[in-house]
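Here the structure is laid out as C-alpha cells; the discussion comes afterwards.
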Number of protein chains: 2
Amino acid sequence: MPREPLSPVTVLCLAILFNDERTGYEIRKQSLEGRHRWFVDASYGSIYPALARLAQSGLVTVREEVQSGRPSRKVYAITTEGRAALIEELSEPPGPDIFRSRFLLVSSFAPHLPRRTVEAAIEERKAGLAEEIAAIEAAVAESECAGERDCDALSWAAAYGRNCLGAHLDFLKTHGDSLIAMAEGGTDASLPKAAE
Amino acid sequence: MPREPLSPVTVLCLAILFNDERTGYEIRKQSLEGRHRWFVDASYGSIYPALARLAQSGLVTVREEVQSGRPSRKVYAITTEGRAALIEELSEPPGPDIFRSRFLLVSSFAPHLPRRTVEAAIEERKAGLAEEIAAIEAAVAESECAGERDCDALSWAAAYGRNCLGAHLDFLKTHGDSLIAMAEGGTDASLPKAAE
DNA sequence: TGATCCATGTAAGCCGTTACATGATTGG
DNA sequence: CCAATCATGTAACGGCTTACATGGATCA
C-alpha cells in the first residue's frame with residue numbers, strides 16, 4: 001500500500017535523523033541553522049508530537065537517556081523503514097519553491113511611504129541577507145558528511161543558496177538608492193532633518 | 001490608540017484596493033498574478049471573511065451591484081482610514097523574507113535518490129522559474145499605475161523579482177548537471193535503460 | 001543573582017486551506 | 001454539451017506557533 005504523505009515537520013525530522021541520532025531539542029536547533037533553514041523552521045510544539053507519531057509508526061526508535069542533574073533526554077534514531085519512507089517522500093515532485101516577501105510589497109508602495117521607512121527596510125533587508133549568507137558559509141565549514149557524494153550534494157545546495165541570496169543582496173546594493181529616491185520626500189539626497 | 005496589527009490577507013486586500021475598487025473574486029485573481037504573488041496567495045475562504053471584517057471596521061466600503069443573470073457582486077472600495085491603516089502597517093519593519101524550498105531538501109539528498117527523480121525535480125524547477133519570470137514580464141507590460149512614481153516602484157519590484165528568479169534559473173542551468181551526476185546511478189551520461 | 005542552556009511536553013488559538021453549496025452564462 | 005468563468009459564502013479541518021508548566025546547571 002502507498003504511504004500517506006508526510007507532513008513537512010515529519011519530513012524535516014526524518015531528514016535530520018537520516019545521518020545521526022538526535023533529540024527533539026537538537027532537531028529544533030538544527031532546523032534553524034545550516035541546510036535545513038530552507039525547508040521549514042519548526043518549533044517544539046510541532047516537533048515533539050511529530051517525533052512521537054514517528055516512533056509509534058515505527059519510522060524511528062527512541063532511547064531514553066537518564067542524566068544526572070539534567071532532565072533525561074529521548075534520543076531518536078531513524079529505522080530502515082524510516083529511511084525508505086523519507087526517500088519515497090522525496091521522490092514525489094517537490095512542487096514550487098515558496099518566496100514570500102513583505103519587503104517587496106513595501107517597496108511597491110515606496111511612493112506612499114516616508115523616506116526613512118524605505119531606507120530602514122532596505123538596510124534591514126541587506127543586513128538580514130548578509131547574515132544568512134554568513135550562516136551558509138559557517139554551516140558549510142563545519143558540516144560533516146557521511147560520504148563524499150553527500151558532501152558534494154550539501155555543497156551544491158549551499159552554493160545554490162549563496163548564489164540566490166547573493167543576487168538579492170547585489171540588487172539591493174545596486175538599485176536600493178533608486179527606490180529610496182521614489183519615496184515620499186523626493187529625489188534630493190540631503191535629509192531635511194525632520195523632527196521625530 | 002495604536003491600531004492592532006493586520007493579518008497578511010487583510011494587508012493584501014487593502015494593498016489591492018489601494019488603487020482600484022474590486023470584488024472579492026477579483027482580489028483573489030489579482031493575488032495570484034503580477035506583483036502580489038510575492039506576498040501571500042489567499043483563497044476565497046480567507047478573502048471573503050477578511051473583506052467583511054474590513055467593511056465592519058470602516059477601512060473599506062461595500063457597494064452591491066445586482067446583475068441580471070450573474071450573481072450580484074459586492075464591490076469594495078478603500079476608505080481614507082483604510083489607506084492610513086495600510087500605510088501605517090507597511091511602515092512597520094517588514095521582517096525577513098521567507099524562502100521555503102523543498103527542492104533544496106531534495107537536492108541535498110541527491111546521492112540517495114534515483115537519477116530520474118533528480119532530473120525531473122530540476123526540470124520542473126526550471127520550468128516553474130521560467131513561467132514565473134514570464135508572468136512578471138506580462139504583469140509589467142499590462143500594469144496600469146496611478147502615477148509616475150507608482151509605476152517606477154512597480155517596475156523596481158518587478159526587476160527585483162526578475163533578477164532573483166533569474167539567478168535561480170541560471171544556477172540550475174549551469175550546475176544542474178553536476179547535481180544529476182551525484183544522484184544514485186553515477187556519473188555516466190548514458191542511462192542503463194532500467195525497467196520501470 | 002539573574003539570564004541562558006538543556007530538555008520535555010501540553011493546550012489554546014490563529015490563520016489559512018479544502019471542500020462544499022449554488023447557479024446562470026459564455027465559449028470551445 | 002461540457003468546461004470554464006463569474007460570484008459569494010460557510011464549515012470543517014489541518015498544521016504550526018505561542019504560551020504555559022517545570023526545573024537543575026552553568027556562566028557572566
Side-chain angles (χ1 to χ4, degrees), chain A residues 4-17 21-33 36-57 60 62-77 89 95-96 98 100 102, chain B residues 4-14 16-17 21-33 36-37 39-56 60 62-76 89 95-96 98 100 102:
Chain A
E4 66 215 75
L6 307 165
S7 80
V9 180
T10 309
V11 173
L12 173 79
C13 290
L14 288 175
I16 289 179
L17 292 173
E21 35 177 55
R22 295 255 179 263
T23 67
Y25 187 83
E26 290 167 338
I27 288 175
R28 161 80 194 320
K29 268 184 61 184
Q30 241 183 295
S31 77
L32 302 176
E33 58 195 33
H36 299 288
R37 195 207 286 91
W38 311 119
F39 190 45
V40 271
D41 70 331
S43 57
Y44 297 126
S46 54
I47 289 175
Y48 285 122
L51 248 17
R53 281 195 303 271
L54 281 170
Q56 218 166 13
S57 59
V60 303
V62 211
R63 164 171 49 89
E64 194 157 358
E65 275 180 11
V66 182
Q67 302 180 122
S68 62
R70 306 202 159 285
S72 62
R73 51 207 310 249
K74 288 187 178 174
V75 182
Y76 293 88
E89 179 70 30
I98 290 167
R100 287 290 118 87
R102 173 137 173 188
Chain B
E4 66 216 74
L6 306 166
S7 80
V9 180
T10 309
V11 174
L12 173 80
C13 290
L14 288 175
I16 290 179
L17 292 173
E21 35 178 53
R22 294 257 179 260
T23 67
Y25 187 83
E26 289 167 338
I27 288 175
R28 160 81 195 320
K29 268 184 62 184
Q30 241 183 295
S31 77
L32 303 175
E33 58 195 33
H36 301 288
R37 193 205 291 90
F39 189 45
V40 271
D41 71 330
S43 57
Y44 297 127
S46 54
I47 289 175
Y48 285 123
L51 248 15
R53 282 194 303 270
L54 280 170
Q56 219 166 13
V60 303
V62 211
R63 163 170 49 88
E64 195 157 356
E65 275 181 11
V66 183
Q67 303 180 123
S68 63
R70 306 204 160 284
S72 61
R73 54 207 309 257
K74 289 188 177 174
V75 182
Y76 294 87
E89 178 70 30
I98 290 167
R100 285 292 117 84
R102 172 137 174 190

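Throughout, a chain's letter reflects where its sequence line sits, starting with A, and its residues are numbered from 1.
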*Euclidean distance, atom OH of residue B/Y48 to atom P of C/dG16 [Å, nearest integer]*: 17 Å
*Atom CG of A/L32 and atom P of C/dC6: how far apart are they, to the nearest Å?*
13 Å
*Does D/dG9 have OP1 or OP2 sitting under 4.0 Å from an N or O in the side chain of B/K74?*
yes
*What is the distance, rounded to the nearest whole Å, between atom CZ of A/F39 and atom P of D/dC16?*
9 Å
*Can you see which heavy atom on A/T23 is nearest to which on A/V75, and at what distance?*
CG2-CG2, 4.1 Å
*asked:* Salt bridge check, A/E89 against B/R102: does any charged N sit closer than 4.0 Å to a carboxylate O?
replied: yes
*asked:* Given C/dC6, C/dT8, D/dC6, identify the nucleotide with an atom nearest to the side chain of A/T23.
replied: C/dT8
_A/K74/A/E65 ion pair, N-O < 4.0 Å_ = no
*What is the per-nucleotide protein-contact pattern of nucleotides 17-24 of chain D, from the 5' end, where B denotes a base atom under 4.0 Å from a protein heavy atom, S denotes such proximity for sugar-phosphate atoms only, and - denotes neither?*
BB----BB
*For the pair made of CD in A/Q30 and P in C/dC5, what is the distance, rounded to whole Å?*
17 Å
*Classify the nucleic acid contact of A/P8 as base, sugar-phosphate or nothing, counting any heavy atom under 4.0 Å across all strands shown.*
sugar-phosphate
*asked:* I'd like to know if the side chain of B/R100 reaches the main chain of A/F39, judged simply by a donor and an acceptor atom lying under 3.5 Å from each other, with no hydrogens or angles considered.
replied: yes
*What is the distance from CD1 of A/I98 to C1' of D/dG15, rounded to the nearest Å?*
13 Å
_B/E65 CD to D/dA7 C1', straight-line distance once rounded to whole Å_ = 12 Å
*Counting N and O atoms only, with roles assigned by atom type, does the side chain of A/R28 sit under 3.5 Å from a partner on the main chain of A/S43, one being a donor and the other an acceptor?*
no
*For B/Y25 and D/dT8, is the shortest distance between a side-chain N/O and OP1 or OP2 below 4.0 Å?*
no
*B/R28 CZ to D/dA7 P, straight-line distance once rounded to whole Å*: 14 Å
*asked:* Can you list everything that forms a side chain to side chain donor-acceptor pair (under 3.5 Å) with A/S72? Sequence neighbours excluded, please.
replied: A/E64
*Between C/dT22 atom P and B/R73 atom CZ, what is the distance in whole Å?*
24 Å
*Using salt bridge (charged side-chain N to carboxylate O under 4.0 Å, His left out) as the criterion, list what pairs up with A/E26, not counting sequence neighbours.*
A/R73
